[in-house]
Every structure is written in structure tokens, then in C-alpha cells.
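Input: a single structure, listed below in C-alpha cells.
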Amino acid sequence: MNKVVLITGATSGFGRAAALKFASEGWALVITGRREDRLQALQTELMETVPVFYKVLDVRNQDEINDLLNNLPEPFNDVACLINNAGLALSPKPAQETELADWHTMIDTNITGLVNMTHAFLPTLIKVGEGASIINVGSIAGQWPYPGSHVYGASKAFVQQFSYNLRCDLLGTGVRVTDLAPGIAETEFTLVRTGGDQAASDALYANTEALSAEDIANAMYYIATLPPHVCINRMEVMPTMQAWAPFAIHRE
Ligand code: NDP
Ligand code: 8X3
């Protein structure tokens, strides 16, 4: 029987690439996101290979999550891997120039949404037990500060600590938890972050080699298929072309 992976944010970037990767390895897919046309297209693309179930779902909406949980048909019930991937950054400007609503959107999606999904599917994952895993997509921004990261980076710091704390409570259940923290990766992330500025997005990825969505999907698959007694607590992945900068010093 196919193992089941549940992926949030499967309509683009890491989530879509993860769907393709897990499907290529024979996993059944539960794919979610807000854009139904993309979910439908992905289902159509993959359903001849593996069973695929899609649900239009905003991770901020607990009712939609409960609806998914309570209506998952066979053979999708025993979710063995939950990939909490849906997330976004907004307003890459100094904190004092941002809109409060953008901060709330990041908190509601990256923190509350991830918590909503985790809480709903913990009983299922615990029932599956040994070998089950939760992969929470954090970011290098959760560990390292940089200008314009404000609430986004802070939300990813939450993801790291929540992942570690979950490990404590899940000890003995067999369920593993990983904070997967990518660096710069070329997806629709920057298009969203800049409010649809394609030129700004293209400029960020120009003349360098960012991570690809497939790089992170491969990391997800690696984490999910390690022997059941092995748990990676945190995996930070940067492209070779990215590193840290010196501390900034303001001078009069
Ligand atoms: P994309 O913008 O390509 O994909 C983001 C996905 O999240 C989309 O499928 C989108 O689906 C989904 N999503 C956003 N908001 C919601 C919501 N409220 N409810 C449900 N789904 C939602 O970006 P990435 O693939 O790059 O981002 C995936 C994750 O990786 C995010 O958590 C991001 O913070 C993180 N990350 C990205 C990095 C990068 O450089 N690209 C680096 C480090 C971390 P839809 O719009 O259809 O709902
Ligand atoms: C975003 C990664 O490199 O833009 O999570 O901070 S980076």
C-alpha cells in the first residue's frame, strides 16, 4: 500500500516539487492550497501514477482543515508525513514602513496555519507511529537576522522552536519532527513578497544559483524516508552562492 504524504502549499514552489518527488517514489498524495485550478492540474498530472486527493484549503481556516481531516477517503487516511510548507513573506521593507495587516497575514499563515494543521493531524500521525514525520518548513530567516525580515523571520523562529518542543512531547510515539530551513530558493516566493514585482523577483535570482524547488523537495523526501530511529531535528540548506554578511554599523 502507498504511504501517504499531506502537503500544504502544493500549488507552487517547494510544495509542488515535493508532490512530484513523493509521487515519483510511489507515495499517495494529499495536496492542498488555495488555488483550485493548480491543484486540479497537479492531480490530473499525477493520478495515473499514484492516488491523489486534493482539497482547497486555507491553512488559516480551521473549519476547512477539520473538513479535510474528517472527510479523507481511503486510501488517504493514514497520513505518515505531514509537510507544513504553506507560507509567505510580505513587505521586504524596514519594519517602520510596513502595514500591520501584512504582519498579521504572515503570523496567521506561517504560525497559526502551521499550528492549525499540526494540531489537527497529530492524532493521525501518532496512530501511524513509527516512521511518521512532520516536516515544518522554516527558513534561514528564523535563525539569522537581516533587514526587511521583521515578522517573517520571527515567524520562522517560531517554527524552529515549535518543532523542537513537539519533539519533546512526541518522544516515544515514533513521530519525528524536523525544522527544514532553506536559504534563498527560486520559486514564486519573491513574487509574493514583493507584491507581484516580477522584475524585482528576476533581479534577486539573476547571475547567481539559488536553490531550486527540487533541491528542497529532495531534502524533504530524504528526511521522510530515513530509518524510523533517525530524526533530523533541524536541516539548514543554503545554496553555495549564499553566505553571511558583516554586522552593519551606523556612523554619523
Ligand atoms: P511559493 O510562493 O512558490 O509557494 C507558497 C505556497 O504556499 C503556495 O502553494 C501557496 O498556495 C501556499 N500558501 C500561501 N498562503 C497560504 C494559505 N493561507 N493557505 C494555504 N496555502 C497557502 O513559495 P515557496 O515554495 O518558496 O515557499 C514555501 C515555503 O518555503 C514557505 O513557508 C516559505 O516561507 C518557505 N521558504 C521559502 C524560501 C525561498 O527562498 N523560496 C526559503 C526559505 C523558506 P496558494 O497561494 O495556492 O494558497
Ligand atoms: C526566505 C529565505 O534567503 O530570502 O525564507 O531569507 S531568504
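Note that the structure is predicted; figures quoted are calculated from it, not measured. For ligands, and for the atoms within them, numbers begin at 1 and follow the listed sequence.
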| Okay, side chain of Tyr164, backbone of Val177: is any donor-acceptor separation there less than 3.5 Å? | no

| Ile184-ligand 1 polar pair, N/O distance under 3.5 Å | no

| request: Would you mind reporting whether Val128 and Asp78 have side-chain heavy atoms less than 4.5 Å apart? | output: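 The answer is yes, as the side chains (C-beta and beyond) meet within the 4.5 Å cut-off.
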
| message | Do Thr208 and Gln242 make a side-chain contact, defined as non-hydrogen atoms from C-beta onward lying under 4.5 Å apart? | response |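 They are not in contact (no side-chain heavy atoms under 4.5 Å apart), so the answer is no.
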
| ligand 1 contact on Asn110 by region, counting heavy-atom pairs under 4.0 Å |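 Neither; no heavy atom under 4.0 Å.
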
| Region of Arg60 engaging ligand 1 - heavy atom pairs below 4.0 Å | side chain

| message | Contact between ligand 1 and Ala89 is defined here as a heavy atom of the residue under 4.0 Å from a ligand atom; is it met? | response |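 No, that is not the case, since the closest heavy atom of the residue is not under 4.0 Å from the ligand.
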
| task | Could you establish whether Ala17 and ligand 1 come within less than 4.0 Å of each other, counting only heavy atoms on the residue side? | result |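 It does not, in that no heavy atom of Ala17 comes within the 4.0 Å cut-off of ligand 1.
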
| query | Side chains of Asp102 and Ser91: donor-acceptor distance under 3.5 Å anywhere? | reply |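 Asp102 vs Ser91: donor-acceptor pair found between side chains.
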
| message | Under a 3.5 Å cutoff, is there a donor and acceptor pairing between the side chains of Asn66 and Asn70? | response |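 Their side chains do not contain a donor-acceptor pair, so the 3.5 Å distance test is not met.
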
| message | If the test is side-chain contact (heavy atoms from CB on, under 4.5 Å), which one of Ile83, Asn218, Ile134, Leu180 qualifies with Ile223? | response |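 That would be Leu180.
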
Near [X], which atoms of ligand 1 are under 4.0 Å from a heavy atom of that residue?
X	answer
Gly138	43 (C), 44 (C)
Gly13	3 (O), 25 (O)
Glu188	2 (O), 3 (O)

For [atom], what is the closest protein heavy atom, and at what distance to 0.1 Å?
atom	value
atom 2 (C) of ligand 2	Ser139 OG, 3.7 Å
atom 7 (S) of ligand 2	Tyr146 OH, 3.7 Å
atom 31 (C) of ligand 1	Asn85 O, 3.2 Å

| field | Proximity flag Met238 to ligand 2, non-hydrogen atoms under 4.0 Å | value | no

